[in-house]
2 protein chains.
Amino acid sequence: MANVKDVAKRAEVSTATVSRVLTGRNKVNEETKQKVLAAMKELNYQPNYLGKQLRELRSNNILVVVPDFGNTFFYEVLQGIEIQALEHHYEILIKNMKNKEGENLDYFKYLHQKQVAGIIMLTVGEKEKLEIIGNDRVVIATSHLKGVDIPSIHVDNEKSAYKMTNYLLALNHRKIAFISGGFDTISSSNRLIGFQKALKEYGLEMNPQYIREGDYSFESGIREANNLLELDTPPTAIFAASDHMAAGVIKSIQRKGLRVPDDISVAGFDDIELASAVTPELTTISQPAFQIGEHAMDMMHQLITGKKIQNKRRIVEGKLIIRESCKIYKG
Amino acid sequence: MANVKDVAKRAEVSTATVSRVLTGRNKVNEETKQKVLAAMKELNYQPNYLGKQLRELRSNNILVVVPDFGNTFFYEVLQGIEIQALEHHYEILIKNMKNKEGENLDYFKYLHQKQVAGIIMLTVGEKEKLEIIGNDRVVIATSHLKGVDIPSIHVDNEKSAYKMTNYLLALNHRKIAFISGGFDTISSSNRLIGFQKALKEYGLEMNPQYIREGDYSFESGIREANNLLELDTPPTAIFAASDHMAAGVIKSIQRKGLRVPDDISVAGFDDIELASAVTPELTTISQPAFQIGEHAMDMMHQLITGKKIQNKRRIVEGKLIIRESCKIYKG
DNA sequence: ATAGATAATCTAATCGATTAAGATTATCAA
DNA sequence: TTGATAATCTTAATCGATTAGATTATCTAT
């Protein structure tokens with residue numbers, strides 16, 4: 001493999017000049033430039049990225065930590081990240097949090113070892129808080145950590161859940177169950193808060209049996225719906241904190257021979273493609289996932305280039321999308 | 001940031017010794033080792049990966065080229081890749097082919113520039129053939145290129161489609177439509193061949209109107225099903241080359257007020273989570289996606305470590321999964 | 001005591017690209 | 001023709017980790 005030296009020799013210039021042609025950062029005489037370019041072509045020269053990175057002491061890789069490869073919501077965020085990354089010439093490295101269960105979370109090692117220029121965390125828990133502190137070059141997407149100064153972008157989880165719950169209340173439902181994506185998950189906790197707030201404002205007592213813990217997955221939706229349906233007085237509406245779980249809920253209800261929404265209403269959260277693929281189509285909260293990804297990558301770029309980020313905590317609105325899975329309750 | 005030199009100075013040894021402690025590749029006196037480790041700790045030393053990579057002239061990043069971030073099938077493959085990557089300490093870099101429309105395909109640049117150690121292509125078309133030739137360090141997963149010596153792993157697309165078609169024939173269907181994932185897509189073409197073969201063996205004439213071109217997406221499934229349903233004699237069964245498209249087909253049929261499978265049978269391909277989330281649940285071909293990913297990464301590891309790959313062309317069997325979306329036709 | 005073997009460690013070069021500092025050349029005005 | 005200025009190019013150092021080859025210390029056998 002040819003390197004700068006070879007090219008320099010062939011073009012009868014110094015390596016410095018070759019490098020200047022390469023980077024375009026300094027002036028080079030047009031004639032010289034052509035000689036160098038010709039030499040590169042003849043030698044089929046490809047600059048070695050490792051050398052460049054070492055000299056410049058930075059990688060252009062961005063690590064994206066995905067909580068769960070099985071949850072397709074994150075891929076929509078990833079698409080937004082990718083578009084922005086393409087624009088600014090970053091490469092995306094991904095890690096699945098789920099594969100690391102139990103092991104220590106050493107994502108930040110990548111940062112300290114300069115293997116990546118930054119880390120975008122899709123969702124975080126309190127666990128990561130300590131590790132994150134002291135690291136610039138971290139952006140949190142789809143969630144937020146209280147009390148630390150990390151740029152983040154996410155939907156207003158509380159408000160969105162509040163909206164959905166009010167919608168269900170307006171449909172005359174009083175026995176509403178909530179399936180969380182995990183009690184220790186920040187985004188899900190906020191959705192639960194919004195849910196509870198709506199009930200409370202409506203003057204309804206919370207039934208602890210109606211609060212269930214899933215893990216955002218389809219399977220956990222099935223499982224928790226099964227549990228709910230076995231109660232003496234099952235709910236008339238189930239609000240799941242993700243579309244994956246909501247799809248599982250629908251599946252569970254249908255397997256029991258009941259109908260959605262005629263017998264039980266089901267609501268989701270995220271508005272991923274799945275939401276409109278299932279039957280009945282899901283009434284859900286639309287998260288602008290793509291946009292969230294773009295924001296995250298945009299803030300990362302600001303961090304890396306040392307610019308001041310205007311608006312470090314960005315919150316976008318979730319939109320209530322009414323489809324077919326919820327119906328007025330006629331007790 | 002501390003580097004080997006600083007550590008060496010502090011531990012009163014040479015950088016060579018520090019490095020030997022770091023890599024563990026050579027003998028170091030236990031006492032010296034402890035001194036070095038202590039120095040590292042005191043300085044909070046983190047080895048710089050860029051230096052290491054340059055010296056060793058290799059990156060441990062593997063580029064995975066995903067045809068379409070929107071198709072969740074690939075994420076199941078990705079999970080398999082990730083597990084194996086974790087095992088062998090590779091990092092995964094991903095690229096979305098869809099974002100590169102029109103631009104020249106310069107994935108191989110990453111290889112030449114040593115930015116990645118290898119490339120796993122999820123699906124390829126004839127277009128990439130020329131670029132691939134001459135590159136070792138490439139593995140193709142979920143597809144295969146004829147006439148080139150590239151390691152590949154995929155299901156037997158033809159046989160699997162043949163199986164499914166025979167199943168539909170056995171259910172007494174005679175007017176069967178096929179929705180391709182793209183006529184220029186190798187995997188999809190082979191599925192079409194299997195489909196046609198089954199019809200032919202059964203002595204059925206192929207109706208060109210029943211062969212449609214989608215792009216593996218949910219939306220294209222809706223679109224092509226709409227077209228099929230508008231025919232004078234619509235098919236009694238629709239076989240889509242992906243679950244995403246099959247889900248779209250079901251949606252389209254239901255929107256027209258018809259029922260699946262009572263009015264029309266629908267079959268898919270892939271057996272992703274979506275297949276059992278939709279109603280009715282999809283009868284489909286199960287691809288061992290996870291296993292395919294593992295194989296791909298395994299072969300990549302062999303390539304990188306210079307070992308001879310036993311069985312360069314690996315083919316796994318697709319399994320017919322019978323669920324609810326197909327039913328016997330009573331003309 | 002000494003040569004020879006072995007183990008532990010060090011010195012200095014190396015990977016390939018970039019760049020600061022300095023050298024050289026070209027250009028122009030006086 | 002000289003001096004000043006700008007344009008262009010070169011030399012050599014640099015980024016941080018690794019390693020071939022040299023050196024030193026330690027031990028064994030004679």
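To find a chain, count down the sequence lines: A is the first, B the second, and so on, and within it residues start at 1.
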Open item on the list: For a quick test of reading the model: is some side-chain N or O of B:Arg55 closer than 4.0 Å to OP1 or OP2 of D:dG16?
Closed with: no
Open item on the list: Please tell me if B:Thr17 has a side-chain N or O lying less than 4.0 Å from either OP1 or OP2 of C:dC10.
Closed with: yes
TODO: Give a yes-or-no answer on whether the side chains of B:Tyr216 and B:Ser187 include a donor-acceptor pair shorter than 3.5 Å.
DONE: yes
Task: Residue whose closest nucleotide on DNA chain C lies nearer the 5' end, A:Tyr45 versus B:Val28 - done: B:Val28
Task: Residue whose nearest DNA chain C nucleotide is more 5′ - A:Asn26 or B:Asn26 - done: B:Asn26
What's [X] touching, base or sugar-phosphate or nothing? Going by heavy atoms closer than 4.0 Å.
X	value
A:Arg20	base
B:Thr15	base
B:Val18	nothing
A:Leu57	sugar-phosphate
B:Leu50	nothing
B:Ser19	base

Open item on the list: Could you check whether any side-chain N or O of B:Asn48 sits under 3.5 Å from a backbone N or O of A:Lys114, counting only pairs where one atom can act as donor and the other as acceptor?
Closed with: no
Rounded to whole Å, how long is the line connecting atom [atom1] of [X] with atom [atom2] of [N]?
X	N	atom1	atom2	result
B:Gln113	C:dA17	CD	P	10 Å
B:Lys52	D:dC15	NZ	P	20 Å
A:Asn3	C:dT18	CG	C1'	13 Å
B:Gln115	C:dG16	CD	C1'	14 Å
B:Arg58	D:dA17	CZ	P	16 Å
B:Glu31	D:dA25	CD	C1'	14 Å
B:Asn29	C:dA7	CG	P	13 Å
B:Asn48	C:dC15	CG	C1'	14 Å

Tell me, yes or no, whether the heavy-atom count around [X] atom [atom1], taken from other residues, nucleotides or ligands under 6.0 Å, exceeds 12.
X	atom1	answer
A:Lys9	NZ	no
B:Lys5	NZ	no
B:Lys109	NZ	yes

- [ ] Name the closest nucleotide to the A:Arg25 side chain, picking from D:dT8, C:dT19, C:dC10.
- [x] C:dT19
